[in-house]
Amino acid sequence: MARMLTYAESIREATENEMARDSSVMVLGIGVDDFKGVYGTTTGLVEKFGTDRVVDTPISEDAMTGVAIGAALAGLRPIHVHIRMDFLLLAMNQLVNIAAKGRYMYGGEVCVPMVVRAIIGRSWGQGAQHSQGLHSFFMHVPGLKVVAPSTPYDAKGCLIQSIRDDNPVVFVEHRLIHYQKGHVPEVVYTIPFGQARVLSEGSDITLVGISHMAAECLRAKRYLHDMDLRAEVIDPVSLSPLDIDTIAASVEKTGKLLVVDTAWTACGASAEIIVQVTERLGNAKTECRRMGFAPVTCPTTKNLENHFYPDAQKIASVACRMVNGDRVSTVVDRIPDFSIPPEVSPESVEFRGPF
């Protein structure tokens with residue numbers, strides 16, 4: 001029988017495994033010793049490893065990021081937990097000018113093996129300063145690695161890989177996927193950087209979903225299947241380095257690419273993926289589009305949120321238009337509201353990952 005864990009449980013298991021294996025691994029961040037344990041991702045760690053290795057920090061992101069960098073330079077492997085990526089903006093100089101460039105500036109004599117866990121996305125109306133996905137900021141910087149796994153399986157493997165890497169890694173987690181369940185082996189394993197995952201195969205259009213949007217793309221695939229369209233769904237997993245080979249091979253097969261991000265589209269991860277695919281294929285007949293946040297501030301109210309954020313129905317609608325063009329007017333009307341009908345159990349629509 002498959003062993004099922006939530007995304008949060010897989011994060012916690014990976015952290016506990018590495019802390020038990022390597023005494024240089026430590027966790028620091030606001031609330032990491034709290035009984036709720038940052039969505040359950042650090043629950044029980046302080047009881048097992050003590051306050052010297054699980055450190056609750058003050059609300060001072062800039063200073064505490066400096067502490068994490070110093071610890072890494074001194075030979076530790078810190079995991080710095082930020083309950084919201086928005087507040088990484090307070091530590092940009094530390095991350096971009098110190099952590100990312102340290103190894104290069106010292107000619108490889110030192111390394112900065114730290115993981116920055118950054119939680120993004122909406123939940124219950126968190127609004128302008130608590131809902132942003134700023135991962136493309138960090139993709140822009142040489143020396144930083146950026147990963148955004150969407151499944152519990154990949155979350156465990158990616159975090160272990162990130163902890164063991166000798167470079168700073170920004171580990172992006174969407175808060176809505178912390179409670180998603182999926183198959184997670186008990187054994188210790190790693191997921192290499194720069195390796196995308198094909199979640200579902202198809203032939204009519206390639207859907208690339210970043211972080212939580214991978215789940216929405218899989219849900220959109222169900223709508224499209226009802227319209228006799230077969231979508232191939234890809235989770236990049238690693239954003240920097242980026243596995244453009246897997247994505248380009250899929251687009252060469254389908255001829256159409258829709259990239260969906262949980263962030264703004266201008267100068268974003270979706271734009272980078274499309275540009276690299278276009279450069280790689282050089283095919284004017286390939287149709288590429290992107291979806292993400294509208295160019296306005298993240299809203300707070302539920303009604304506005306429903307319009308602002310991409311979801312399965314919107315993704316399916318755009319994908320259907322890309323495949324069918326002008327013939328889609330009567331088809332799009334067949335896409336229902338994305339709610340679970342009474343006769344369908346919630347388990348049947350739960351995103352369980354690649355297995």
How far apart are the C-alpha atoms of Glu61 and His82, what are their side-chain angles, what is the distance that settles it, and do they pass the side chain to side chain donor-acceptor pair (under 3.5 Å) test?
CA-CA 8 Å; Glu61 285 80 3; His82 291 262; 5.2 Å; no
Go through it in stages, so that I can follow the logic: the residues are Arg21 and Val188, the test is side-chain contact (heavy atoms from CB on, under 4.5 Å), and I'd like the CA-CA distance, side-chain angles, deciding distance and then a yes or no.
CA-CA 11 Å; Arg21 184 189 67 87; Val188 175; over 6 Å; no
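- To the nearest 0.5 Å, the span separating OG1 on Thr286 from CG on Leu257 amounts to 8.5 Å.
- Taking each heavy atom of Val147 and Pro149 in turn, the nearest pair found is C-CD, 3.7 Å.
- Counting only heavy atoms from C-beta outward, the side chains of Pro142 and Tyr104 never approach each other to under 4.5 Å.
- By the 30° and 60° cut-offs, the orientation of the rings of Trp264 relative to Phe293 is perpendicular.
- Placement of Met64 and Leu89 in two distinct hydrophobic clusters is found when ILVMFWY residues are connected by side-chain heavy-atom separations under 4.5 Å, directly or transitively.
- Side-chain N or O atoms of Lys156 include one that pairs as donor or acceptor with a backbone N or O of Glu186 at under 3.5 Å.
- A side chain to side chain donor-acceptor pair (under 3.5 Å) with Gln276 is found for exactly one of Glu272, Glu279, Arg280, namely Glu272.
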Arg117 and Ile11: side-chain contact (heavy atoms from CB on, under 4.5 Å), yes or no, with the steps?
CA-CA 10 Å; Arg117 283 184 51 204; Ile11 294 288; 3.7 Å; yes
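- Considering every non-hydrogen atom in both Gly133 and Ala263, the closest pair reads O-CB, 3.2 Å.
- To the nearest 0.5 Å, atom CG of residue Asp56 and atom CD1 of residue Ile30 are 8.0 Å apart.
- The CG atom of Leu207 sits 12.5 Å away from atom CG of Asp235, with the distance rounded to the nearest 0.5 Å.
- Using a distance-only test at 3.5 Å, with no hydrogens or angles considered, no donor-acceptor pair links the side chain of Thr190 to the main chain of Gln161.
- Between Asp226 and Lys221 there is no salt bridge, since no side-chain N of the basic residue sits under 4.0 Å from a carboxylate O of the acidic one.
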Checking side-chain contact (heavy atoms from CB on, under 4.5 Å) for the pair Cys288/Thr278: CA distance, chi angles, key distance, verdict?
CA-CA 8 Å; Cys288 301; Thr278 303; 4.3 Å; yes
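- Between the side chain of Ser10 and the main chain of Tyr7, a donor-acceptor pair closer than 3.5 Å is present.
- To the nearest 0.5 Å, atoms CZ (Arg175) and CZ (Arg84) are separated by 5.5 Å.
- Remark: the backbone N or O of Gly202 is paired with a side-chain donor or acceptor of Glu232 at under 3.5 angstrom.
- Considering every non-hydrogen atom in both Val146 and Met139, the closest pair reads CG2-N, 3.9 Å.
- Using a 4.5 Å heavy-atom cutoff, the side chains of Ser250 and Ile234 are in contact.
- Taking a cutoff of 4.0 Å between a charged side-chain nitrogen and a carboxylate oxygen, Glu216 and Arg219 qualify as a salt bridge.
- Within the model, atoms SG of Cys158 and CG of Asp165 stand 11.5 Å from one another, a figure rounded to the nearest 0.5 Å.
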Under the criterion side chain to side chain donor-acceptor pair (under 3.5 Å), I'd like the reasoning laid out for Thr254 against Thr206: C-alpha separation, chi angles, the key distance, then a yes or no.
CA-CA 6 Å; Thr254 66; Thr206 300; 2.9 Å; yes
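- The pair Arg197-Asp154 counts as a salt bridge, with a side-chain nitrogen and a carboxylate oxygen less than 4.0 angstrom apart.
- The closest side-chain heavy-atom distance from Thr246 to Val198 is below 4.5 Å.
- Using a cut-off of 4.0 Å between Lys/Arg side-chain N and Asp/Glu carboxylate O, Glu13 and Arg3 are scored as salt-bridged.
- Ring to ring, His130 and Phe87 are close: their centroids are under 6.0 angstrom apart.
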Could you go step by step and tell me if Phe308 and Cys298 meet the side-chain contact (heavy atoms from CB on, under 4.5 Å) rule?
CA-CA 7 Å; Phe308 183 75; Cys298 300; 3.8 Å; yes
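- For the pair Thr6/Gln180, no side-chain contact is recorded, criterion being any heavy-atom separation below 4.5 Å from C-beta on.
- Put simply, Phe35 and Val81 are part of two different groups of oily side chains (I, L, V, M, F, W, Y) that touch within less than 4.5 Å, one to the next.
- Under the 3.5 Å distance criterion, the side-chain polar atoms of Lys145 are left unmatched by any main-chain donor or acceptor of Phe193.
- Between the side chain of Lys253 and the main chain of Ala248, no donor-acceptor pair closer than 3.5 Å is present.
- Ser24 approaches Gly75 most closely through the heavy-atom pair CB-O, 3.8 Å.
- Within the 4.5 Å cutoff, the side chain of Val208 has no heavy atoms near those of the Cys217 side chain.
- Counting heavy-atom neighbours within 6.0 Å of Tyr106 OH, excluding the residue itself, gives a total of 12 or less.
- In this structure, Lys256 does not pair ionically with Asp204, as no charged nitrogen and carboxylate oxygen lie closer than 4.0 Å.
- Note on Val27: it does not cluster hydrophobically with Val55, by side-chain heavy-atom contacts below 4.5 Å among ILVMFWY residues.
- Of the possible polar contacts, one joining the Arg53 side chain to the Val25 backbone as a donor-acceptor pair under 3.5 Å is found.
- Both Leu224 and Val318 are assigned to one and the same hydrophobic cluster, defined by single-linkage of ILVMFWY side chains at heavy-atom distances under 4.5 Å.
- Here the side chains of Leu28 and Ile79 are not in contact, with every heavy-atom distance at 4.5 Å or above.
- A salt bridge is absent between Arg77 and Glu18; no separation between the charged side-chain nitrogens and carboxylate oxygens falls under 4.0 Å.
- Salt bridge annotation for Arg289-Glu287: present, with a cationic side-chain nitrogen under 4.0 angstrom from a carboxylate oxygen.
- Using a 4.5 Å cut-off between side-chain heavy atoms of Ile, Leu, Val, Met, Phe, Trp and Tyr, with links allowed through other members, Phe137 and Ile69 fall into the same hydrophobic cluster.
- In terms of heavy atoms, Pro236 sits closest to Ile273 at CG-CD1, 4.3 Å.
- Here the closest non-hydrogen pair linking Ala155 and Phe171 is O-CZ, 3.7 Å.
- For the pair Thr41 (side chain) and Val38 (backbone), a donor-acceptor distance under 3.5 Å is present.
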Report the C-alpha separation of Gln129 and Asp86 in whole Å, then their side-chain angles, then the decisive distance to 0.1 Å, and conclude whether the side chain to side chain donor-acceptor pair (under 3.5 Å) test is met.
CA-CA 6 Å; Gln129 297 175 329; Asp86 311 68; over 6 Å; no
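- Proximity of Ile315 to Met291: side-chain heavy atoms (C-beta onward) are separated by under 4.5 Å at one or more points.
- Put simply, the side chain of Leu229 reaches to within 4.5 Å of the side chain of Cys320, judged on heavy atoms.
- In this pair, Tyr39 and Tyr179 present their aromatic rings perpendicular. The plane angle is above 60°, beyond the 30 to 60° band.
- Between the Tyr189 side chain and the Tyr153 main chain, a donor and an acceptor come within less than 3.5 Å of each other.
- Arg12 contributes a side-chain N or O that, together with a main-chain N or O of Thr43, makes up a donor-acceptor pair within less than 3.5 Å.
- Put simply, CE on Met19 and OG1 on Thr42 are 10.0 Å apart, with the number rounded to the nearest 0.5 Å.
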